[in-house]
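As structure tokens, the structure follows; a few thoughts come after it.
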Amino acid sequence: MLKRISIDALKPGMFVHKILEQKGALEIKNQGKVTSQKVIDLLKKQGVKVLAIDTDKAFEPAGASDGKILSESDRPEKVTAKKKPKTVKVSLESELTKATKLHAQGKEIQKLLLDNVKKETPFDASIPKEFSNKLVASVDRNPDALLCLTKIREKDDYLLEHSLNVAILLANFATFLGLPEEKVQELSYTGFLHDLGKINIPDEILHKPGRLTDPEMEIMKSHVKHGVDYLLNTDVAKPLIQAISEHHERLDGLGYPAGKKGDEISTEGRMLAIADMYDALTADRVYKAGMSSQKAFSILMNEAPTRLDVVLVQQFIKCLGVYPVGSLVLLSNERLAMVLKQNNSPFSPIVKVFYSVKGNHYLTPKDIDLSGDKALKIDKAVIASDYGIDVNAFFERSVSIG
């Protein structure tokens with residue numbers, strides 16, 4: 001029998017059928033066992049006010065103290081696993097609406113996680129994990145939508161956007177490598193959590209425009225330990241935490257924090273290091289503009305094989321393409337365009353032309369398939385700050401849907 005109760009009346013041993021009232025935007029699973037008081041405390045923290053319980057599914061919670069929130073696997077009835085339906089591929093325009101909302105939600109969740117780390121309070125690990133799975137689902141439907149959004153940045157939101165972008169890059173990279181879906185989801189989740197420790201680094205060091213002094217660098221390096229120590233007290237799987245601990249290790253053993261080298265560094269840690277470095281190099285900061293993807297690729301290759309895995313770097317570049325989706329290019333007719341989709345020809349993607357360099361003004365946006373236009377080609381990759389244009393405004397006006 002279903003019964004409506006307030007969160008204050010919820011007790012261990014009850015089975016929650018549905019969340020009826022909740023304060024805040026974060027979604028949590030509706031059904032599952034309440035195994036301990038910790039579950040109730042976390043539900044309260046997430047803003048749950050009123051629930052429906054199923055009195056017929058009450059159980060004895062003896063010894064349960066893992067604190068997992070409403071896990072679907074905890075249901076008493078037997079569940080037959082269903083084969084995952086084949087993902088339906090959709091157009092960029094169709095997926096952008098969902099991807100834009102997902103990207104905004106990711107920043108909000110990242111903000112919540114960083115706040116919890118700062119306060120040393122626990123978080124419900126199912127929230128970022130479920131979000132990472134949604135990122136992977138979006139990539140399955142159309143990989144270009146979220147890749148576009150990794151190029152649309154707010155300079156003041158680097159800490160929020162960086163881990164989100166790394167999660168997106170890893171979802172694409174792992175999918176490109178043909179890894180199983182579960183592994184793709186784990187890598188994306190790892191990317192989303194990898195820099196939580198940076199919230200404990202003083203702003204004057206974290207955002208310092210110039211070169212860090214040796215003592216400042218030691219403080220900066222401590223962000224890995226801060227993040228790992230925090231995650232070890234959560235439900236995040238140990239192999240994922242290991243990969244997070246390795247994202248600044250180097251194959252030559254000169255990285256940190258453990259000075260691992262060669263085969264001591266996991267494949268996941270190597271992939272995370274590549275995606276992390278690429279996004280950091282191409283990101284706009286308050287004190288500097290990000291570099292073009294081509295320049296970042298050159299740096300990645302120069303870091304291999306002493307620091308990065310050269311085979312994985314080559315595959316990463318192949319995954320993103322010579323001109324990654326969302327990047328800006330200067331065409332041979334002196335017009336700027338945003339790359340929208342890769343073609344069989346890596347040097348001739350589909351682009352959206354939107355700005356005249358010669359006339360110094362915006363144009364009515366027009367999509368062009370460069371593989372079918374022999375008279376037009378890409379001269380070089382560029383960045384928006386070189387031309388004083390607001391690519392975010394252009395994207396919202398002419399590319400993003402909703």
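Computed from a prediction, not measured in an experiment: that's the story for all the values here.
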Which residues share a side-chain contact (heavy atoms from CB on, under 4.5 Å) with [X], sequence neighbours left out:
| X | value |
| --- | --- |
| His226 | Asn200, Ile201, Ser222 |
| Lys49 | Glu21, Lys23 |
| Gln314 | Met301, Val310 |

Going by atom types alone, do [X] and [Y] pair a side-chain donor with an acceptor below 3.5 Å?
| X | Y | result |
| --- | --- | --- |
| Glu216 | Thr213 | yes |
| Glu95 | Ser138 | yes |
| Asp279 | His162 | yes |

Close side-chain approach of [X] to [Y], heavy-atom, < 4.5 Å:
| X | Y | result |
| --- | --- | --- |
| Val50 | Arg4 | yes |
| Val136 | Val139 | no |
| Met277 | Leu308 | yes |
| Val351 | Leu340 | no |
| Asn333 | Val353 | no |
| Leu232 | Lys238 | yes |
| Tyr362 | Ile389 | yes |
| Tyr323 | Ser293 | no |

Is a side-chain N or O of [X] found less than 3.5 angstrom from the main chain of [Y], in a donor-acceptor match?
| X | Y | value |
| --- | --- | --- |
| His207 | Glu204 | no |
| Lys208 | Arg211 | yes |
| Asn172 | Ile168 | yes |
| Thr190 | Glu186 | yes |
| Glu249 | Gly259 | yes |
| Gln185 | Pro180 | no |
| Ser348 | Ser345 | no |
| Asp284 | Gly290 | yes |
| Ser327 | Pro324 | yes |
| Asp309 | Arg270 | no |

| message | Would Glu246 and Ser266 count as a side-chain hydrogen bond (donor to acceptor under 3.5 Å, both in side chains) here? Give the steps. | response | CA-CA 8 Å; Glu246 296 170 340; Ser266 67; 2.6 Å; yes
What's the shortest heavy-atom distance between [X] and [Y], and which atoms?
| X | Y | value |
| --- | --- | --- |
| Ser132 | Tyr189 | OG-CA, 3.3 Å |
| Val325 | Gln342 | N-NE2, 3.7 Å |
| Ala174 | Leu187 | CB-CD1, 3.7 Å |
| Thr282 | Ala296 | CG2-CB, 3.7 Å |
| Ala337 | Leu331 | CB-CD1, 4.2 Å |
| Leu92 | Asn142 | N-ND2, 3.1 Å |

| query | What residues form a salt bridge (Lys or Arg N to Asp or Glu O under 4.0 Å) with Asp386, not counting sequence neighbours? | reply |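 Asp386: no salt bridge (Lys or Arg N to Asp or Glu O under 4.0 Å) contacts found.
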| query | Would Lys261 and Asp252 count as a salt bridge (charged side-chain N to carboxylate O under 4.0 Å, His left out) if you check the C-alpha gap in whole Å, the side-chain angles of each, and the deciding distance to 0.1 Å? | reply | CA-CA 5 Å; Lys261 63 181 178 180; Asp252 59 9; over 6 Å; no
| message | Pair Lys44, Asp8 - check side-chain contact (heavy atoms from CB on, under 4.5 Å), show working. | response | CA-CA 9 Å; Lys44 288 180 179 180; Asp8 292 328; 3.6 Å; yes
| message | Please identify which of these residues, Asn165, Leu164, Val166, meets the side-chain contact (heavy atoms from CB on, under 4.5 Å) condition with Phe192. | response |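 Among Asn165, Leu164, Val166, the one that satisfies the side-chain contact (heavy atoms from CB on, under 4.5 Å) with Phe192 is Leu164.
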| Phe316 ring center within less than 6.0 Å of Phe176 ring center |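 Ring centroids of Phe176 and Phe316 are no less than 6.0 Å from each other.
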| So, for His194 and His248, is the gap between ring centers shorter than 6.0 Å? |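 Between His248 and His194, which both carry aromatic rings, the centre distance is not below 6.0 Å.
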| query | Which residue, Lys118, Lys119, Lys111, forms the salt bridge (Lys or Arg N to Asp or Glu O under 4.0 Å) with Asp115? | reply |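 The option that passes is Lys119.
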| query | How far apart are the C-alpha atoms of Glu268 and Lys183, what are their side-chain angles, what is the distance that settles it, and do they pass the salt bridge (charged side-chain N to carboxylate O under 4.0 Å, His left out) test? | reply | CA-CA 9 Å; Glu268 293 80 5; Lys183 180 61 69 175; 3.1 Å; yes
Which atom pairs, donor and acceptor, lie under 3.5 Å between side-chain atoms of residues 372-383 and protein residues at least two apart or in another chain?
residue : atom : partner : partner atom : Å
Asp373  : OD1  : Ala375  : N            : 3.1
Asp373  : OD1  : Leu376  : N            : 3.3

| query | Should Arg141 and Val88 be marked as a side-chain contact (heavy atoms from CB on, under 4.5 Å) after you check the CA-CA gap, both sets of side-chain angles, and the distance that decides it? | reply | CA-CA 6 Å; Arg141 291 189 296 268; Val88 177; over 6 Å; no
| said: I'd like to check the side-chain hydrogen bond (donor to acceptor under 3.5 Å, both in side chains) partners of Asp369; sequence neighbours left out, ordered by chain and number. | reply: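 Asn343, Ser371.
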| message | Check this for me: does any side-chain nitrogen of one of Lys89 and Asp140 sit under 4.0 Å from a carboxylate oxygen of the other? | response |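 So Lys89 does not pair with Asp140 through a salt bridge.
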| field | Lys198, NZ atom: more than 12 neighbouring heavy atoms under 6.0 Å | value |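 Yes - once you tally the heavy atoms of other residues, nucleotides and ligands closer than 6.0 Å, there are more than 12.
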| request: Decide yes or no on salt bridge (charged side-chain N to carboxylate O under 4.0 Å, His left out) for Lys129 and Asp235, but give the supporting numbers first. | output: CA-CA 10 Å; Lys129 184 175 183 179; Asp235 291 334; over 6 Å; no
